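Below, all heavy atoms of this structure are taken into account, side chains as well, without hydrogens, waters or symmetry copies. Quick note on labels: first sequence line is chain A, next is B, and so on, each numbered from 1. Not measured: the values here are computed from a predicted model.
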Number of protein chains: 2
Amino acid sequence: MLKYIKILNNLRTEITQGVLPENHQLPFEKDLCEKYNVSKMTIKKALDILVSEGLIVKKRGCGSFVKNLSPEDINRLIIANHFRGVSALYSNCKVTSKLLYFEIIPTDEITKSKLNLVPDDFVYKIIRIRYVDDIPMCIETTFMPIEIIPGLKREHALQSIYSYIQENLNLKIQSAHRTIRVRKSTAFEQEHLLLNKHDPIATVEQVAYLDNSSAFEYSVSIHHYDRFAFETVIIR
Amino acid sequence: MLKYIKILNNLRTEITQGVLPENHQLPFEKDLCEKYNVSKMTIKKALDILVSEGLIVKKRGCGSFVKNLSPEDINRLIIANHFRGVSALYSNCKVTSKLLYFEIIPTDEITKSKLNLVPDDFVYKIIRIRYVDDIPMCIETTFMPIEIIPGLKREHALQSIYSYIQENLNLKIQSAHRTIRVRKSTAFEQEHLLLNKHDPIATVEQVAYLDNSSAFEYSVSIHHYDRFAFETVIIR
DNA sequence: AAGTGGTCTAGACCACATT
DNA sequence: ATGTGGTCTAGACCACTTC
């Protein structure tokens, strides 16, 4: 276990469990160095991650302080700071999928540009409705190049595609770019997400990357408006 | 100018201007150390920021690579990586405001908990419609504690409150927590944002912090659905 | 085996805030 | 004047990838 990860986890636990209460000043970096018997840069790295997670603020000349946040705020922040598929995100709940479509097709213009493909490249096109505890959460349309993700079958789409990528193919997911938008629902969406006519939806367009910089997924998720909230922390 | 900022800006310019084209491998950190005559940690800091901005990927044992992104993608990422008020975000456009409400009121329950106030604390309540090039973009309802932001006047609300905070009060804005949601529009919102009946809206709830860890702003923005998109990069 | 980026150190010096 | 966190260094050692 890396030192800065261990220190980070320790401090995060102290914050979430209230050992370091709201507005409480953290020990000075110098003192944390002594406590953990590490150098200043290692402490700084751990604290900087807590800053990026939105849990603390640092102020030169004064010290570091825990932000005033409710337990719910803290919980939402910790979820927001992790990139996971639906299955992992709701790991405490029953996640199921209805597979509406699973085909291998030639890439179209949009997918080609999002995934940096050439004409005649083939992609999986998968449409799934994702349920959490039997409640429909979203309709996911996913495109993946068959060259990067070989051997994908219907059974994986019914479970977790991300598990297949990470555990069977042993690939590493690095990052994702997301764009969130809003619009009116279509009749198709109303039917599958149990929406009323005129209800709105949120769309999340995502391009996800492996650690070798190749884009392996372009997806669009249509979310039920009442079951969607997106959290983020922005640092200046 | 800090060394890592200078190197960061240099490399970002090379990426956006295509000097380092798509899929191109960046020089090795060792070589960048020589080129800029700095130590390894300084180069690493600059590159790590580019990773967090979503522009490059690093792979141990191989090197660092520019992501395959269109110029539009890159532009959106750079905007997404900055926290700014509406005025600064659309600095190339004409930003105006219609002031619907400007009062000092006792804090209510929600505002009190978001801003960590005590009962009987007073806050500004400001409701504005923000126009970009005369098109209504959003309705902003803003609460700020009078103790932290003294002397705010109607004239500031008609211009940029963030400018007043930074330039007149000389306070430093550190971060913001945002929650994005979706719902149907109300008659009030339809009127002011030029929406049709049944049109949806996006809400952005924000708590913003100064660098001394105090929450100075709680705001809710109601965005026209067609003129709203939110970009983000998520790193594993 | 060689080379990459990742972690960690011990210490110098700086910018900022409080006293 | 003192003490905080921020930057930067030169170098050691490690984990991973490629050859």
Using a 4.0 Å heavy-atom cut-off across all strands, classify Lys3(A) as base, sugar-phosphate, or nothing. sugar-phosphate
- Touch check for Lys30(A), heavy atoms < 4.0 angstrom, all strands: base, sugar-phosphate only, or nothing? sugar-phosphate
Rounded distance (Å) that lies between atom [atom2] of [N] and atom [atom1] of [X]:
X	N	atom1	atom2	value
Lys59(B)	dT17(D)	NZ	P	6 Å
Arg60(B)	dT18(D)	CZ	P	13 Å
Leu32(A)	dT4(D)	CG	C1'	13 Å
Leu47(A)	dG5(D)	CG	P	8 Å
Lys44(B)	dC14(D)	NZ	C1'	14 Å
Gln174(B)	dG5(D)	CD	P	15 Å
Tyr4(A)	dA15(D)	OH	P	14 Å

In short, side chain to side chain donor-acceptor pair (under 3.5 Å) pairs touching residues 45-59 of chain B with sequence neighbours left out are Arg12(B)-Glu53(B), Glu29(B)-Lys58(B), Lys44(B)-Asp48(B), Asp48(B)-Lys58(B)
Checklist entry - So, Asp121(B) side chain and Val118(B) main chain: donor-acceptor pair closer than 3.5 Å or not? => result yes
Is the backbone of Asp108(A) close enough, under 3.5 Å, to the side chain of Thr111(A) for a donor and an acceptor to pair up by distance? no
Which of Thr179(B), Val204(B), Thr232(B) passes side chain to side chain contact (heavy atoms under 4.5 Å, CB included) with Phe230(A)? Answer is Thr232(B)
Chain A vs DNA chain C, heavy-atom contacts under 4.0 Å, first-to-last nucleotide span, 5' to 3', is dT7(C) to dA17(C)
Where do Lys125(B) and Thr142(B) land on the side chain to side chain donor-acceptor pair (under 3.5 Å) test, with the steps shown first?
CA-CA 6 Å; Lys125(B) 178 177 180 180; Thr142(B) 304; over 6 Å; no
Check your understanding: Without hydrogens or angle criteria, can the side chains of Tyr162(B) and Glu217(B) be said to hold a donor-acceptor pair below 3.5 Å?
Key -> yes
Ranking Gly61(A) and Leu2(A) by the position along DNA chain C of their nearest nucleotide, the one closer to 5' is Leu2(A)
Comparing Lys172(B) with Asp31(B), nearest DNA chain C nucleotide closer to 5' gives the residue Asp31(B)
- Message: Is the ring pair Phe143(B)/Tyr218(B) parallel, tilted or perpendicular, if the boundaries are 30 and 60 degrees?
- Response: parallel
